[in-house]
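Some notes on the structure that comes next.
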Amino acid sequence: MTKPIFARLPGFRDFTPDEFAFREHILNAWRRVSTRYGFLEYDGPPLEPVGLYVEKSGEEILGQLYNFQDKGEREVSLRPEMTPSLARILADHSRSLAKPIRWFSVPQLFRYERQQRGRLREHFQWNVDIVGEESVVADAEVLAVGIDGLRELGFGSNDIVAKISDRRLLSSVLSAFGVDKKNFANVFSIIDKLERSDPKRSLERLQTEGGMSESDAHEVLELFGGKTLEEIALRLGDRKDVSVELERLDSYLGKLEAMGLGPYVELDLRIVRGLAYYTGIVFEIFDKKGELRAICGGGRYDGLLELVGGDPLPAVGFGMGDVVLGELIREKGLVPDIEANTDYYIVILTEEYRDLALSIAHSCRDRGLSVLYGLSEQSVRKQFFAAGKYGAREVIVLGPDEVSRGFATIRDMDSGEEREVPIEELR
RNA sequence: GUGGGCGUAGCUCAGUUGGUUAGAGCGCCGGAUUGUGGCUCCGGAGGCCGGGGGUUCAAAUCCCCUCAUCCACCCCA
């Protein structure tokens, strides 16, 4: 509105103290839960060579990169996601690290696209990864961290649900239907969009782009729309490649059940995830009403480290952004009261007592207490008002009545009770 | 990138069929006979009505362009 030249760039946020506190509320919860699970925090550069994304994550990401040429004529991009950076970092360091590697990060990520609700050009994303372990227990562990991150923020199983699938199961089912491997990517992309697309159109695309017969396409839609593994077992259980995948996914669900997270988890074979590098179990967490886009997405990506030149280590992880999550926190009324934690506010009757106030304030601050006072001459009334605004627990009053006897009056701002304390005890 | 909605004080919004000096609540600042806050009351600052152009005697109100924002598409880390 004013001076458009200096306006914020579209899709970027300012964080005033209230907004900053809200952001920290989220990030701190993420960090607490990560630590509880023994994950170690890492970070990387916000700017990376563009090739890291274009060649390894799939071409489709190119359109949304916040990329440009730097002064050294290098093609660079602000990082749109953390996983490629992680892969590159591990390519350098994984040999010297004890496996499995349990790392997490909270990078600020960037993408260049038109903003909408829950989608900006910048956000903070919690990334949690386990590298060097192929057991489904690792897959379960990773999802558990994500769910617990949300529970830590106050959500319950009535608020959120994790939808789970496995690309290996999808592949084996498609193979059973005689779909050519070359068409898997196309079919995955159709399945991924099933929920948002017209069923007739999906059916058509399965035939034209997936090379399926009409009746097979029908059946595949039916199977992938189911909420249990049994239907697939009944239909294709005699095929070994399918039954192996069914058992694995069933075992995975069992692990989450054992952790008590069963109510948060739901099978949904239409979950595929857009990124090209996922190879196994994939999941997305949604608000249960389904009003917002996915809060969290992740899965197994066993080939990525090798792709960027590292040792061929299996890996599983997820990303959870602060924007959609923030929307849901507000919607559910889970925004915490932001309290200013001021221990003391010092009120002086006249400027005569200012130096005494400064002296007390400074020694209290040296002891780790937070202390405030008015910076200019103000009425007592006004100073008390300010004390209230800053959320002071207690007010120290310095006036002739008490100071002449070597005391200060301390008022508890909640109870209103007052007591006298020797000034020497305060400094 | 494509299409549609929207744009009035810091925030949430009013502004009659185009007609004189553009309003409210909250917030902010000041004050309510200078030793006590949260309530209440009084007062004040703050808007080129997103920006530019056009129609008209007259535009916040109508038209065009542009920017921002929201929604859908695209895409989804």
Side-chain angles (χ1 to χ4, degrees), chain A residues 1-5 7-12 14 16 18 48 52-53 56-66 77-86 105 107-127 189 192-193 196-197 271-278 282 284 293-299 301 304 317-324 342 345-351 353 374 377-403 408-418:
Chain A
M1 281 174 222
T2 51
K3 310 198 175 174
I5 298 167
R8 248 184 298 116
L9 256 24
F12 285 81
D14 292 324
T16 57
D18 279 354
E48 293 274 16
L52 185 61
Y53 308 110
K56 315 304 179 195
S57 303
E59 287 287 336
E60 70 269 19
I61 206 166
L62 183 60
Q64 287 115 254
L65 286 181
Y66 212 111
S77 175
L78 289 166
R79 57 188 175 192
E81 56 168 330
M82 197 57 179
T83 308
S85 297
L86 171 64
S105 189
Q108 189 175 22
L109 304 179
F110 307 86
R111 56 190 163 198
Y112 197 91
E113 61 179 357
R114 191 162 289 192
Q115 67 165 311
Q116 279 178 46
R117 184 184 187 201
R119 297 184 97 166
L120 306 174
R121 285 183 172 179
E122 146 277 317
H123 70 149
F124 290 87
Q125 191 188 63
W126 184 28
N127 276 253
S189 141
D192 190 39
K193 294 176 175 62
R196 308 176 292 251
S197 308
I271 299 297
V272 176
R273 314 256 326 122
L275 284 183
Y277 53 65
Y278 286 108
V282 287
E284 292 184 343
R293 48 192 96 237
I295 307 165
C296 171
Y301 52 98
L304 186 60
F318 71 79
M320 182 186 297
D322 73 315
V323 179
V324 178
T342 303
Y345 193 98
I346 305 182
V347 169
I348 54 176
L349 267 293
T350 68
E351 286 298 312
Y353 301 96
E377 187 167 8
Q378 288 173 320
S379 68
V380 170
R381 175 194 182 82
K382 187 139 194 169
Q383 292 178 70
F384 266 92
F385 191 79
K389 287 222 148 181
Y390 286 115
R393 288 189 301 103
E394 296 185 307
V395 165
I396 298 174
V397 182
L398 301 175
D401 295 353
E402 52 274 272
V403 172
T409 300
I410 296 187
R411 179 184 177 89
D412 182 303
M413 291 296 274
D414 284 331
S415 67
E417 281 170 29
E418 294 190 357

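Within every chain, numbering begins at 1; the chains are lettered A, B, ... in the order of the sequence lines, protein sequences first and strands thereafter.
- Rounded to a whole angstrom, the distance from the C1' atom of B:rG10 to that of B:rC74 is 36 Å.
- With P as the reference atom, B:rC11 and B:rU55 are 33 Å apart, rounded to whole Å.
- The side chain to side chain donor-acceptor pair (under 3.5 Å) test applied to A:T342 returns no partner, not counting sequence neighbours.
- Atom CD in A:E402 sits 11.5 Å away from atom CD1 in A:I396 (nearest 0.5 Å).
- Of the candidate nucleotides B:rU69, B:rA77, B:rG38, B:rG38 has the atom lying nearest to any side-chain atom of A:D414.
- Heavy atoms of A:R119 sit under 4.0 angstrom from at least one base atom.
- Residue pairs meeting the side-chain hydrogen bond (donor to acceptor under 3.5 Å, both in side chains) criterion with at least one partner in residues 379-396 of chain A, sequence neighbours excluded, are A:D343-A:R393, A:E394-A:R419.
- When the C1' atom is compared between B:rC70 and B:rG50, the two are found 15 Å apart, to the nearest whole Å.
- Across all strands shown, A:N127 has no heavy atoms under 4.0 Å from either base or sugar-phosphate atoms.
- The stretch residues 377-390 of chain A touches RNA chain B through A:V380, A:R381, A:K382, A:F384, A:F385, A:K389, each having a heavy atom under 4.0 angstrom from the strand.
- In this structure, the CG atom of A:D14 is 16 Å from the P atom of B:rA68, given to the nearest Å.
- A distance of 7.5 Å separates CD1 of A:I348 from CG of A:L398, quoted to the nearest 0.5 Å.
- Within the 4.0 angstrom heavy-atom criterion, base atoms lie near A:L349.
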Fill in the dot-bracket string of RNA chain B, one character per base: . for unpaired, | for a pair to another strand, ( ) or [ ] for pairs within the strand, taking Watson-Crick or G-U pairs under 3.5 Å. (((((.(..((((.....[...)))).(((((.......))))).....(((((..]....)))))).)))))....
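- Shown here are the side chain to side chain donor-acceptor pair (under 3.5 Å) partners of A:D14, two or more places apart in sequence or in another chain: A:R8.
- Remark: A:E417 CD is loosely packed, at most 12 non-hydrogen atoms of other residues, nucleotides or ligands lying under 6.0 Å away.
- Taking the side chain to side chain donor-acceptor pair (under 3.5 Å) definition, one finds that A:Q125 meets it with A:N127, sequence neighbours left out.
- Here the CE-CD1 distance, from A:M320 to A:I295, works out to 7.0 Å after rounding to the nearest 0.5 Å.
- Rounded to the nearest Å, the gap between the C1' atom of B:rU8 and that of B:rC75 is 35 Å.
- Atom C1' of B:rG7 sits at a distance of 15 Å from the matching atom of B:rA14, rounded to the whole Å.
- Between A:Y112 and A:T409, the one whose closest nucleotide on RNA chain B sits nearer the 5' end is A:T409.
- Among the protein residues, A:G299 comes within range of no part of the nucleic acid, since none of its heavy atoms lies under 4.0 Å from any strand.
- For B:rU2, its base sits under 3.5 Å from the side chain of A:R114 at one donor and acceptor pair at least.
- Of the candidate nucleotides B:rA77, B:rU69, B:rC76, B:rA77 has the atom nearest to the side chain of A:R273.
- Note on A:G319: nothing from the nucleic acid sits closer than 4.0 angstrom, heavy atoms only.
- In terms of polar N and O atoms assigned as donor or acceptor, the side chain of A:E418 never comes within less than 3.5 Å of the base of B:rG35 in a complementary pairing.
- For A:E377, the CD atom is loosely surrounded, since the number of other residues' heavy atoms within 6.0 Å does not exceed 12.
- Whole-Å rounding puts the A:Q115 CD to B:rA68 P distance at 9 Å.
- Distance noted for atom P between B:rG46 and B:rC29: 16 Å (whole Å).
- B:rC49 and B:rU20 are spaced 15 Å apart, taking the P atom of each and rounding to whole Å.
- Spacing between atom OH of A:Y353 and atom C1' of B:rU34 amounts to 14 Å, rounded to whole angstrom units.
- Side-chain atoms of A:Q116 lie closest to B:rC73 of the nucleotides B:rA77, B:rC73, B:rC76.
- Between B:rG5 and B:rA9, the distance separating the two P atoms is 22 Å to the nearest Å.
- Note on A:V397: a base of the nucleic acid sits closer than 4.0 angstrom, heavy atoms only.
- Here CD of A:E122 is found 10.5 Å from CG of A:L78. Values are rounded to the nearest 0.5 Å.
- The environment of OH in A:Y66 is crowded: more than 12 heavy-atom neighbours from other residues, nucleotides or ligands sit within 6.0 Å.
- Counting any heavy atom pair closer than 4.0 Å across all strands shown, A:G416 reaches a base atom.
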